[in-house]
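Here the structure is a predicted model, which means the values were calculated and not measured.
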Amino acid sequence: MRNERNSNEILEEIVRERVQKIKKFYVHLVVFSIALLVYILKTYFGFPFNFWPIRFINAFFMWCWAFIIVVQAIRLIVKQSLLGKRWENQKIHEIMEKEKIKKQNWE
């Protein structure tokens with residue numbers, strides 16, 4: 001009973017961490033989209049966005065930011081496909097078996 005509850009807690013923690021990473025990625029993507037819109041309006045349509053933080057948005061900054069977002073997306077996709085549900089279940093089972101062995105050695 002305790003191992004089942006413990007495995008559920010571990011699984012819940014893993015899922016919670018994954019959801020937090022996905023949420024952070026989506027927030028980052030929305031902020032990037034807004035900055036990209038401002039950059040396009042400023043550069044190609046001549047909108048006078050010259051106040052402090054907007055003034056520093058240039059092509060180099062946007063390319064670097066886009067690269068960072070692509071790297072984050074690749075990390076999420078690769079981790080999801082390579083380290084998916086089956087891998088998590090195997091790891092949880094492996095950890096539970098190690099805990100059982102430790103517990104049996106102490107008894």
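Here the straight-line distance linking atom CZ of Arg16 with atom CD of Glu9 works out to 10.0 Å at 0.5 Å rounding. Between the NZ atom of Lys24 and the NE2 atom of His28 there is a distance of 12.0 Å, given to the nearest 0.5 Å. One distance of note links CG of Leu36 with CG of Leu29; it measures 10.0 Å at 0.5 Å rounding.
Applying ring pair (Phe, Tyr, Trp, His ring centres under 6.0 Å) to Phe32 and the options Tyr39, Trp63, Trp65 leaves one that passes, Trp65.
Residues Tyr44 and Met62 share a single hydrophobic cluster, defined by chaining ILVMFWY side chains whose heavy atoms lie under 4.5 Å apart. In the hydrophobic clustering of this structure, Leu37 groups with Phe61; members are Ile, Leu, Val, Met, Phe, Trp, Tyr whose side-chain heavy atoms approach within less than 4.5 Å, directly or through other members. Following chains of ILVMFWY side-chain contacts shorter than 4.5 Å, one can reach Ile69 starting from Tyr26, so the two form part of one hydrophobic cluster. There is no path of hydrophobic side-chain contacts, each under 4.5 Å, that joins Phe60 to Ile68.
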